[in-house]
There are 2 protein chains.
Amino acid sequence: MPDLSIDVVAKAAGVHRSTVSRAFSRPEAVKRETREHILKVAEGLGYTMSPLAQALRTKTSTFIPLIVPDITNPFFAELAKTMTQAADDRGYQLLLCVTNGDPAKTDGYFTAMQAMYAPFGIVAPSTKVDTEAMKRFDFGHKVVVIDRVEGDDAVPTVTVDSRRGIMIALEHLHSLGHTSIGYVSGIAGTHTAQDRMDAYLELSAESGSAPVVLDSGSDLDAGTRGAEHYLEMDNPPTAIIAANDMVAFAVISALGQRGVRVPEDVSVIGFDGLALGARFNPPLTTVRQPIADMGHIAIELAEKQNIDGSVDHIVLEPQLLVRGSTSGPRK
Amino acid sequence: MPDLSIDVVAKAAGVHRSTVSRAFSRPEAVKRETREHILKVAEGLGYTMSPLAQALRTKTSTFIPLIVPDITNPFFAELAKTMTQAADDRGYQLLLCVTNGDPAKTDGYFTAMQAMYAPFGIVAPSTKVDTEAMKRFDFGHKVVVIDRVEGDDAVPTVTVDSRRGIMIALEHLHSLGHTSIGYVSGIAGTHTAQDRMDAYLELSAESGSAPVVLDSGSDLDAGTRGAEHYLEMDNPPTAIIAANDMVAFAVISALGQRGVRVPEDVSVIGFDGLALGARFNPPLTTVRQPIADMGHIAIELAEKQNIDGSVDHIVLEPQLLVRGSTSGPRK
DNA sequence: TCGGTTGCTGAGATCGGTTGCAATAACACT
DNA sequence: AGTGTTATTGCAACCGATCTCAGCAACCGA
């Protein structure tokens with residue numbers, strides 16, 4: 001594969017490099033036939049422009065970093081998937097950056113992002129660590145966050161309405177006849193986790209039933225502990241809301257190992273709407289986040305901000321997704 | 001953030017650009033004190049070299065593309081996770097490329113990879129499409145494939161021993177007392193899927209029991225169809241081997257919806273060893289692939305090949321991971 | 001026929017580094 | 001002191017594009 005530079009094409013087409021460059025990046029500035037000829041020659045040679053050289057010169061690239069803490073978490077995986085598509089649709093190239101919760105790595109990715117002249121980046125939920133780093137690198141105006149953020153003002157965000165989601169879950173459970181509804185918390189550090197918990201506490205109180213927090217832990221074992229707590233109770237709730245689908249899985253699994261069946265003995269509802277949930281045993285009823293929309297919107301927000309400097313905060317509506325893990329309470 | 005180029009540092013340190021360059025990339029070529037001084041100045045300015053400019057000039061970068069068909073599949077997610085780490089350990093930066101099975105995208109990533117001067121790339125399973133593209137782009141000698149490959153010779157591979165894995169599953173099931181063991185196939189197009197199927201067929205025959213292929217389909221619904229098939233049988237097997245964990249999940253889920261319980265009514269064993277399986281209901285017994293090892297080894301293989309041109313084929317041993325989805329056959 | 005536009009293309013500097021080559025300094029040896 | 005090495009550093013071309021500016025031809029109206 002002979003090295004193909006713009007000069008090679010230029011020579012082959014009998015024009016100057018700058019003309020070739022224009023033929024590609026500013027078509028209207030080149031005479032129609034010249035351009036067509038150049039394009040044909042380039043095509044024949046199998047030439048493509050070097051994104052590196054391009055980025056170096058123009059100080060802007062088409063690389064969009066997506067920073068997630070853990071790609072193993074299906075929520076982030078689905079997000080990554082739809083965002084890859086969304087980015088692609090708009091001519092960007094998504095770069096997945098997995099921090100594994102390591103602040104040093106977050107820092108690393110931010111500097112890399114800077115160095116690669118990424119026009120903007122997307123940060124998925126999103127501990128304080130990440131947002132701090134964001135500011136430190138003066139990226140406040142080039143990042144979209146998929147979560148609510150501390151100083152809500154500086155950076156655009158897209159979130160789903162946590163309170164509404166919990167409300168939907170509660171309503172669903174109420175409508176099935178449940179009155180005693182427990183809660184198991186999710187991954188700590190994120191605002192959404194906190195929001196969901198708060199919403200549960202408030203809405204429970206409002207509806208007159210006492211909140212039962214089975215576990216407020218942060219790690220992946222919250223589900224397991226929540227289940228244990230449930231088993232120890234004299235008068236356990238007849239339904240459980242899990243802060244997210246992964247936790248719901250863990251709860252159901254742990255319960256199952258103790259002989260408690262879902263939904264026969266206790267109903268469980270998740271939060272996320274993972275595709276995986278459809279293949280769980282039983283299929284998981286859950287509050288669905290419009291993940292695909294989030295991806296597209298995040299990119300739109302970023303582009304919009306880059307143009308007119310606007311900082312928007314989009315809040316999406318979650319939806320109820322009824323599958324098999326909820327039913328009426330056991331008599 | 002003032003633009004930080006090598007010249008800025010050079011001026012600040014009172015030396016020439018080339019000296020700064022050497023201080024970073026060829027330390028031994030600069031007098032100790034000079035280097036230290038430069039590094040200090042750079043540090044103070046918060047300077048980092050531009051990987052872009054560097055790659056452009058040296059025609060080699062530290063970007064390692066990892067090409068996967070679907071990041072939503074937990075197997076690839078786990079692979080991506082460990083490979084990110086492995087790459088990081090060696091000073092590389094992993095770029096996750098998700099093709100969603102789109103050949104055009106695969107092509108796109110390959111050219112991008114070429115343009116970015118990636119020293120090599122990793123392709124995870126891996127339909128014919130991918131391997132063809134590999135050759136088309138003359139990347140045969142710069143790619144490691146995580147799967148077995150057609151013309152096994154040209155490109156280094158790391159795989160786990162499918163036959164051995166199936167054997168382990170079979171042995172486990174036999175030791176529990178099962179004699180009639182069904183099989184549900186996995187995602188098509190990959191060699192590993194074919195290998196596992198073949199191994200099942202052969203080994204079943206050898207052990208004297210007739211193979212029962214519940215579904216040989218390729219898509220994600222193979223599990224569901226397999227379960228349906230099972231339900232229609234007059235004399236269904238007492239255990240099922242699923243070609244991979246995802247399929248196992250689907251099988252158990254579909255079975256569960258029809259009132260068939262695992263492992264009480266039928267045992268199910270998966271293949272992959274996903275962390276997710278531990279939180280399934282019931283926790284999934286499975287044949288574990290050493291995913292983390294695969295990641296590290298893939299990178300080692302690539303580096304080795306880059307140095308001495310060797311093309312190795314590493315085959316790893318799978319392990320049995322007993323959890324809760326298998327037990328003795330129902331009397 | 002001449003000054004003024006307009007449209008297109010070529011020259012050459014530049015982005016941020018790398019690197020072969022030359023220049024200088026320092027040191028060893030006869 | 002004279003000469004040969006060796007260690008450092010500066011110079012300048014180069015990687016593959018982009019972009020401003022200038023040159024040039026065609027075109028317009030008077």
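Just so it is clear, the structure is predicted and the values come from calculations on it, not from any experiment. Just so we're on the same page: letters track the sequence lines, and every chain starts at 1.
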With the side chain defined as heavy atoms from C-beta on, A:Met49 is closest, among D:dA17, C:dG16, D:dC14, to D:dA17
On DNA chain D, more 5' by nearest nucleotide between B:Thr58 and B:Arg35 is B:Arg35
Is the backbone of A:Asp312 close enough, under 3.5 Å, to the side chain of A:Ser310 for a donor and an acceptor to pair up by distance?
no
Counting any heavy atom closer than 4.0 Å, what does A:Thr60 reach on the DNA or RNA strands: base, sugar-phosphate only, or nothing? nothing
Quiz item: Side-chain N or O of B:Lys59 less than 4.0 angstrom from OP1 or OP2 on D:dG16?
Solution: yes
Only residue of A:Thr99, A:Ile146, A:Leu95 satisfying side chain to side chain contact (heavy atoms under 4.5 Å, CB included) with A:Ile67 is A:Thr99
Check: Do the side chains of B:Leu94 and B:Asp88 get nearer than 4.5 Å, heavy atoms only?
Finding: no
When the rotation axes relating C1' atoms of four end pairs to the next four are compared across the helix from C:dT1-D:dA30 to C:dT30-D:dA1, five pairs an end, they differ to 10° by 50°
Quiz item: B:Tyr47 side chain N/O closer than 4.0 Å to the phosphate oxygens (OP1, OP2) of C:dG17?
Solution: yes
So, with a heavy-atom separation below 4.0 Å from DNA chain C, the residues of residues 8-30 of chain B are B:Arg17, B:Ser18, B:Ser21, B:Arg22, B:Ser25
- Query: Do any N or O atoms from the side chain of B:Ser21 and from the backbone of B:Arg17 form a donor-acceptor pair under 3.5 angstrom?
  - Reply: no
Regarding the side chain of A:Lys31, the nearest nucleotide among D:dG16, C:dC8, C:dG17 is C:dC8
- Item | Any B:Gln54 side-chain nitrogen or oxygen under 4.0 Å from OP1 or OP2 of C:dT18 | yes
